[in-house]
Amino acid sequence: MTPLPLDSLHGSLSDPLLDTMTLLNEVTARYPEAISFAPGRPYEDWFDVESVHTYLDAYLAHLAKDRGFGPEEVRTTLFQYGRTKGIIHDLVARTLANDEDLHVDPEALVLTVGAQEGMLLALRALIADREDVLLVSAPCYVGVTGAARLLDIAIELVPEGAHGPDPARLAEVAERVRAAGRRPRAFYVVPDFANPSGVSMTVPAREEMLRVAAEQDLLIIEDNPYGFFAHDQVARPTLKSLDRAGRVIYLGSFAKTCFPGARLGYVVADQEVHGPGGRRGLLADELAKIKSMTTVNTPSLSQAVIGGMLVHHDYRLRPANAGTTAFYTRSMSALLAALEDAFPPAERARLAVGWNVPEGGFFLVVRVPFTADEAALERCARDYGVLWTPMHGFHPGGGGERELRLSCSYVPPDAVAEGVRRLAAFVRDAAR
């Protein structure tokens, strides 16, 4: 067969950004015995195969008892194509009210194939032409920058500080974009324990960000996969719950709070959309149009299992995740303690090694005295038996070359100290 030249395909396929996760997965597969601080996966010992049946039965009972469905309606709900916006939107809305004090019309929800699809739908709907620009915090989750690249969407970076993106810097970037004749359309942000940095915004900063968004006529795409996992177990208000002007589009996911294999996320898009002839609807309806031409709908079986979890836990996932949150808090504490032990203050100063101390979540960032690229990761995995994630892939504008991300979520507790000991040995040798 005649090979297809890569340059005849979409330009994003030649972008190293799209290789970032693939390369990491390949290295992980080559060294399965290595201790891995690389993935942001939930800890697997919390999963119980039998619970899947329990939750599915709970959802089927809900359909029969609470919805009054007969056997044929139950069968159709489970086996057939479902409505594009999802079949458990009412259950998710009840859970958001309990867990986040976020009260939304169930019709403002679109159930998606993971939060990643939600990002894609939101970007496709909001970015109307090449003059529209997406603003993102930097460093930034590669899923949203990768989605922007696939859609040929221009991005501008809002630098992150110790407490997340600075609202004043957001205003500066928006004004600079507008002065260049383009429209700053939306800002993507993870306010709680962000991937990759682990930083979290203060409540005053959240309120100020909403004020700046209104002043700059910006929409905010809030992504909240880690909000439950605060070390103090105190809920931070989401931007969406603070929003009174309809500026925030909210992305949620059940990957970390339930289980990732269900591949279930959702978008809350309750903004009104006005069309020709006085037609009115919700932004969620417009997102559903796009979804109908991509994934058509979200698998009913996945929704049924997660819906059953919501029913089983009385529409309250926050208390249901209290044990998981405590576990991740212990894991992060163990990781920070191991770093302190492995790098005493004098050596830390000599090597120019340092790290941040997140208030929750899975991730922290370590500064190192060498280029922490894929080649260094390969050497570390092969010769020292430990894995991490290079940070440069999270910096689309350049940066992070001497930083690496560590995740505490997937490492067995008894392996944390040994993993850090191996990492410290590699850092010392690489610094020579």
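Because the structure is predicted, anything quoted here is derived from the model rather than measured.
- A donor and an acceptor atom, one from each side chain of Ser241 and Thr238, are located under 3.5 Å apart.
- For Tyr266 and Phe254, the distance between ring centers is under 6.0 angstrom.
- Between Ala424 and Ala342, the closest heavy-atom pair is CB-CB, 3.8 Å.
- Asn321 contributes no side-chain N or O that, together with a main-chain N or O of Arg318, makes up a donor-acceptor pair within less than 3.5 Å.
- In this structure, Arg422 is not positioned above the aromatic face of Tyr384 in the sense of NZ or CZ being under 6.0 Å from the six-membered ring centre and within 45° of the axis.
- A distance-only check finds no donor-acceptor pair linking the side chain of His313 to the backbone of Tyr315 [under 3.5 Å].
- A distance-only check finds a donor-acceptor pair linking the side chain of Ser407 to the backbone of Pro39 [under 3.5 Å].
- Distance alone, capped at 3.5 Å, is enough to place a donor-acceptor pair between the Glu222 side chain and the Leu239 backbone.
- Remark: side-chain polar atoms of Ser200 are paired, donor with acceptor, to backbone N or O of Pro191 under 3.5 angstrom.
- With hydrogens and angles left out, the side-chain atoms of Ser197 and Glu160 include a donor and acceptor closer than 3.5 Å.
- Under a 3.5 Å cut-off, the side chain of Thr76 and the backbone N or O of Glu73 do not form any donor-acceptor pair.
- Between the side chain of Glu401 and the main chain of Gly399, a donor-acceptor pair closer than 3.5 Å is present.
- In terms of modelled atom types and a separation under 3.5 Å, the side chain of Arg206 and the main chain of Met201 share a donor-acceptor contact.
- In this structure, the side chain of Arg421 does not engage the main chain of Gly419 through any donor-acceptor pair within 3.5 Å.
- Scanning both residues, Val311 and Ala58, for their nearest heavy atoms gives CG1-O, 4.3 Å.
- Between Phe362 and the options Tyr226, Tyr43, Phe193, Phe228, a ring pair (Phe, Tyr, Trp, His ring centres under 6.0 Å) holds for only Tyr226.
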Verdict with reasoning, Glu374 to Arg379, per salt bridge (charged side-chain N to carboxylate O under 4.0 Å, His left out):
CA-CA 9 Å; Glu374 284 75 11; Arg379 293 197 308 275; over 6 Å; no
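- Of the possible polar contacts, one joining the Asp232 side chain to the Val234 backbone as a donor-acceptor pair under 3.5 Å is found.
- If you check the side chains of Thr298 and Gln303, you find no donor sitting under 3.5 Å from an acceptor.
- For the pair Asp285 and Lys85, the salt-bridge criterion is met [side-chain N within less than 4.0 Å of a carboxylate O].
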